Each structure stands twice: as structure tokens, then as C-alpha cells.
Amino acid sequence: MFGNDPWWIVTIKALGIFVFLMLCVLMMIMADRKVMGRMQQRHGPNRMGPFGLLQSLFDGIKLSLKEDLIPRQVDRFVYIAAPIIAAVPAFLAFAVIPIGPEVNMFGVMTPLQLTDLPIAALLVLATAALGVYGFVLGGWASQSPYALLGGLRASAQVISYEIAMGLSFVAVFIMAGTLTTSGIVAAQENVWFAVLLLPSFLIYIVTMIGETNRLPFDLAEGEGEIVGGFMTEYGSMKFTMFFLAEYVNMCTVAAVSVTLFLGGWYAPPGVTAIFPGANEGWWPALWWLLKFLAVMFLFIWARGSLPRVRYDQLMKLGWKVLIPIQLVWITGVAVVRMLVLDGASPVVIGLVVAAFTVATLASFYAWLRHVRRERAEENRERAENARRAHSDPSFGGFPVPPSTASHYGSSVLAEPPRTATAAAADRNQKGEEVSGA
């Protein structure tokens with residue numbers, strides 16, 4: 001079905017995707033503020049336009065009209081290119097998302113999808129990995145310690161959670177038998193993969209929030225400790241590009257979740273019994289949009305409900321919890337799938353599933369015991385530190401230089417008292433620094 005469309009149909013599809021993503025960004029920013037405002041018992045934006053619907057548009061205009069400053073000593077080319085590198089891959093990934101079946105568009109039968117590839121699902125992972133270069137390069141080119149820390153955090157976070165995200169895709173590939181997005185959607189005609197592969201779906205939900213640097217995983221921005229992360233030295237349109245990249249990435253990973261796990265454009269179960277033509281014509285685009293909005297609401301709910309985690313907790317969750325669970329789960333899915341394709345008896349398949357279940361529960365119990373031992377050790381260490389601090393007031397205190405030492409590295413000139421002599425004032429003018437006294 002792909003590769004035969006006239007150039008003007010391809011242009012209309014590409015332009016439609018771009019307009020849809022830009023409108024999604026504007027509406028998502030407004031929904032972020034309105035929904036979280038209701039969750040926190042306050043009003044969201046309600047002044048600009050009817051019901052505050054134009055607030056995001058005016059915020060974008062305000063940002064674009066701000067003075068565009070470039071700090072000194074930055075790598076100007078990389079500094080300017082970084083926001084573009086972050087934003088462009090997010091738009092590219094949406095090209096392989098199927099929104100509906102073949103429809104009649106201006107007299108031409110064409111699928112509601114820009115294009116498809118034999119490895120279309122891997123293209124999504126590739127573009128997600130490419131987008132992090134914008135964050136890393138932006139932090140490095142800014143020549144700021146806060147921006148550099150934010151860039152390093154973003155790279156480590158994306159690497160950690162992209163592995164778990166890719167492993168979620170593997171289970172889908174095994175069940176669908178194809179890497180094309182249209183083929184994966186077609187494989188869910190009867191049962192969604194969110195039901196068959198529930199652990200993969202739940203882990204994907206966690207990894208997509210970590211991949212987009214959203215709360216509670218927005219450690220790359222970390223306003224409380226590194227000011228604004230990789231965006232600290234950016235303003236005006238360059239800051240807007242980073243902002244745009246974050247929200248377009250949210251739209252992309254939400255669309256991927258709908259495609260891989262929620263049946264794509266197929267109507268929810270039970271709808272076809274009431275409405276037989278639900279999966280024909282333009283109706284599937286409506287079902288796709290409703291699923292897409294539900295996943296986008298999940299982003300807002302997580303941001304308004306969950307506190308930010310520590311960076312060590314973020315890394316531990318990715319490497320010690322999500323990845324091991326995915327490896328065990330994929331092994332079980334592959335074995336069961338192989339037995340089904342080979343025509344094994346239901347008894348054998350049931351025994352294999354029972355064995356994997358027992359092994360998983362035993363591993364989970366061992367992990368719980370390990371966590372309890374760690375917490376007990378931490379409590380003992382905390383109690384010992386409290387006892388030592390009670391007996392020795394200087395224990396664990398902040399190291400301070402002796403009162404007789406000078407302030408190392410200080411370039412602040414001593415301010416002479418008003419009653420100082422002319423000789424003392426003259427010595428101060430010669431560049432003497434503040435002493436410990």
C-alpha cells in the first residue's frame with residue numbers, strides 16, 4: 001500500500017502530521033496547566049481566549065519575542081544547532097504511525113499513514129536516541145556546569161530507559177512476527193497486546209515517561225539542584241525549541257504506545273458489536289485519537305501526582321528492576337510462542353507457564369528479602385550516626401577552616417572601617433584580600 005501515492009497526497013499527509021503535532025503541543029501545554037490546576041484545587045489559565053484556550057499560543061509568541069542572548073565563550077555553532085537536533089527527530093518518528101486503514105482521500109485510495117518500513121518500529125528507537133544528542137550538545141556547548149550536568153543526566157537517563165523500552169518492543173515483535181507498524185496493528189485485530197503482554201505494556205509506560213524527561217523523572221532539568229539543566233543558558237526561540245522537542249516527544253511515545261499495545265486504530269472491544277462499520281472509513285481515526293488522548297492524560301496525571309525521585313533511585317529502577325524483569329519476561333514469551341508455533345499440547349504449555357511463574361515469584365521474594373536487609377542496615381547505620389552525633393557535636397558537621405585562616409581564593413577586597421587611618425586605606429587600595437580575622 002505504500003510508495004504508490006502521488007506527491008501531492010504525500011505532501012498533504014506530511015503537512016497534516018506537522019500541523020497535528022503543533023496543535024497537540026499547544027493543547028497539551030494548556031491541558032497540563034488546566035488539569036493540574038484542578039488537581040491542586042486552583043484555576044488554570046482562564047484569561048487568554050475563551051476558557052484560556054489561547055494561553056499556550058500567547059506564551060509561544062512571548063517566548064519568540066524575548067531578546068535572544070548568546071553567552072560568551074560558547075561554541076556558537078553547536079549551541080545554535082542543539083535545539084534543532086533535539087526537535088527534528090521527534091517529528092520524523094511520527095511518519096510511521098498508522099492512524100487508520102485505507103481511505104478515499106480526494107479520489108485516491110491511500111492508508112492513513114505517511115509511510116512504513118520493514119523496520120519501522122526500530123526507526124522510533126533510532127529517532128529517540130538521536131534526539132538526546134541535542135540535549136547533550138546543548139549542555140556541553142553552553143560552557144556552564146549546570147548545563148553540562150543536565151546534559152550528562154539526560155544522556156545517562158535516555159540510555160538506561162531506552163534499553164528497557166527496546167526490550168518492551170521485543171515482546172511485541174515476537175507476538176506480531178513483524179517489525180512494520182501497520183503489521184503490528186493488524187496483529188491486534190482480535191486481542192490488544194496490552195492484554196497479552198501486560199508486563200511489557202506497564203514497563204513501557206514507565207520508560208516513556210523517563211524517555212521524555214517528565215515528572216517524576218525530570219532529573220535532566222532538575223530545577224531544585226541544577227537550575228534548569230541543559231536549558232539553563234538558553235532563551236527566546238532556542239528555549240522554545242527545547243520545549244517543543246519535549247512535548248512532541250510526548251506525542252510520539254504516546255502514539256507508539258497506541259500502535260504497539262492498544263490496538264492502533266481498531267475500535268475498542270464491544271464497539272464493533274454495536275457499530276459494525278467502526279473499523280471502516282474514517283472512523284478508526286477517531287478511536288486512535290481517543291486512545292492517544294488517554295495516554296497523554298496519563299502524562300499529566302503522573303506529573304501532578306508523583307514526587308520527583310532521586311537520581312540514584314532513577315538509575316536503580318532502570319538497571320536493577322526494569323531491565324531484569326524484561327529479560328525474564330521476554331524469555332518466557334519467546335518459549336511459549338515457540339511452543340505454540342510448533343503445535344505443542346496445552347499441557348506442556350501450561351507446565352512451562354507454571355514453571356516460569358514459580359521462578360518469577362521466587363525471584364521476587366528473594367528481591368524483597370534483599371530490600372528488607374538493605375533497609376535494616378540503613379536503619380542501623382542511621383541510628384549509629386545519631387548516637388555518635390549526640391555524643392560528639394562535631395560528628396558529621398560541615399568542614400570549616402579554622403578561624404585564623406584566610407578565605408582561600410577570595411578576591412573580595414577588605415573594606416576598611418570608617419575610622420581607619422590613611423595608611424590602612426592605602427594598603428587596602430593596593431589589593432589586600434579579606435583575612436580570617
Side-chain angles (χ1 to χ4, degrees), residues 1 9 12-35 51 53-54 56-57 90-106 109-116 120-121 124 172 181-189 191-195 201 204-205 208-209 212 214 244 246-303:
M1 296 187 295
I9 289 289
I12 291 175
K13 289 183 182 180
L15 184 62
I17 290 174
F18 179 78
V19 173
F20 173 77
L21 289 176
M22 294 301 294
L23 291 177
C24 275
V25 169
L26 294 177
M27 293 295 102
M28 186 61 186
I29 294 174
M30 187 274 295
D32 242 345
R33 301 170 67 178
K34 294 284 282 188
V35 175
F51 308 105
L53 294 177
L54 299 180
S56 302
L57 177 62
F91 286 91
L92 295 178
F94 219 90
V96 297
I97 301 298
I99 302 176
E102 275 194 301
V103 297
N104 189 332
M105 185 181 295
F106 303 108
M109 294 301 295
T110 179
L112 283 178
Q113 182 178 354
L114 181 58
T115 187
D116 203 355
V124 177
V172 174
T181 51
S182 56
I184 292 172
V185 171
Q188 302 177 71
E189 183 177 2
V191 182
W192 294 357
F193 287 157
V195 178
F201 175 62
Y204 177 81
I205 293 296
M208 77 176 187
I209 297 176
T212 53
R214 288 275 296 187
L244 177 68
E246 176 182 336
Y247 277 88
V248 174
N249 273 321
M250 290 168 52
C251 297
T252 301
V253 296
V256 170
S257 70
V258 174
T259 301
L260 299 186
F261 295 101
L262 299 178
W265 44 263
Y266 281 108
V271 174
T272 52
I274 303 172
F275 179 29
N279 293 326
E280 301 174 2
W282 290 85
W283 284 106
L286 174 62
W287 316 131
W288 182 91
L289 182 61
L290 293 177
K291 299 174 188 177
F292 174 79
L293 294 178
V295 178
M296 295 296 283
F297 175 80
L298 185 63
F299 278 107
I300 305 176
W301 175 84
R303 180 176 181 178

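Quantities reported herein were computed from a predicted structural model and do not represent experimental measurements. Count residues from 1 along the sequence.
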Ignoring hydrogens and angles, state whether a donor on the side chain of S182 or Q113 is under 3.5 Å from an acceptor on the partner side chain. no
May I ask you to decide if the ring planes of F20 and W288 are parallel, tilted or perpendicular, using 30° and 60° as cut-offs? tilted
Which heavy atom in I12 sits nearest to a heavy atom in M105, and how many Å separate them? CG2-SD, 4.3 Å
Is T181 reaching over with its side chain to a backbone N or O of V96, donor-acceptor style, under 3.5 angstrom? yes
Where P98 and V185 come nearest, the two heavy atoms and their spacing: CG-CG2, 3.7 Å
Answer whether the closest heavy-atom distance between the side chains of L21 and V25 falls below 4.5 Å. no
Between atom CG of L289 and atom CG of L293, what is the distance when rounded to the nearest 0.5 Å? 4.5 Å
Take L244 and M22 through the side-chain contact (heavy atoms from CB on, under 4.5 Å) test and state the conclusion after the steps. CA-CA 8 Å; L244 177 68; M22 294 301 294; 3.9 Å; yes
Can you see which heavy atom on P111 is nearest to which on K13, and at what distance? O-NZ, 2.8 Å
Residue pair F299 / V253, side-chain heavy-atom distance below 4.5 Å: yes
Rounding to 0.5 Å, atoms CD1 (I97) and OG1 (T115) come to a distance of 12.0 Å
How close do A90 and V248 get, heavy atom to heavy atom, and via which atoms? CB-CG1, 3.4 Å
Could you state the interatomic distance from CD1 (I300) to CZ (R214), rounded to the nearest 0.5 Å? 7.0 Å
Value for CZ (F261) from CZ (F193), rounded to nearest 0.5 Å, stands at 9.0 Å
Are the side chains of W287 and P268 in touch, meaning some heavy atoms are under 4.5 Å apart? yes
Atom pair CD1 (I209) and CG (L298), whose distance is rounded to the nearest 0.5 Å: 5.5 Å
Looking only at heavy atoms, what is the nearest atom pair of N279 and P284, with distance? C-CG, 3.6 Å
For residues F201 and W192, establish whether the separation of their ring centroids is below 6.0 Å. no
Evaluate the ring planes of F292 and F94, with Trp represented by its six-membered ring, and classify them as parallel (under 30°), tilted (30 to 60°) or perpendicular (over 60°). perpendicular
Between F91 and F18, does the ring centre distance come in under 6.0 Å? yes
Drop me the distance from L23's CG to C251's SG, to the nearest 0.5 angstrom. 10.5 Å
Just do the side-chain contact (heavy atoms from CB on, under 4.5 Å) check on M208 and V295 with the steps written out, would you? CA-CA 11 Å; M208 77 176 187; V295 178; 3.5 Å; yes
Distance-minimising heavy-atom pair for G281 and V103: O-CG1, 3.3 Å
Short question: side chain of E280, backbone of P101 - any donor-acceptor pair under 3.5 Å? no
Any sub-3.5 Å donor-acceptor pair from K291's side-chain atoms to S257's backbone N or O? no
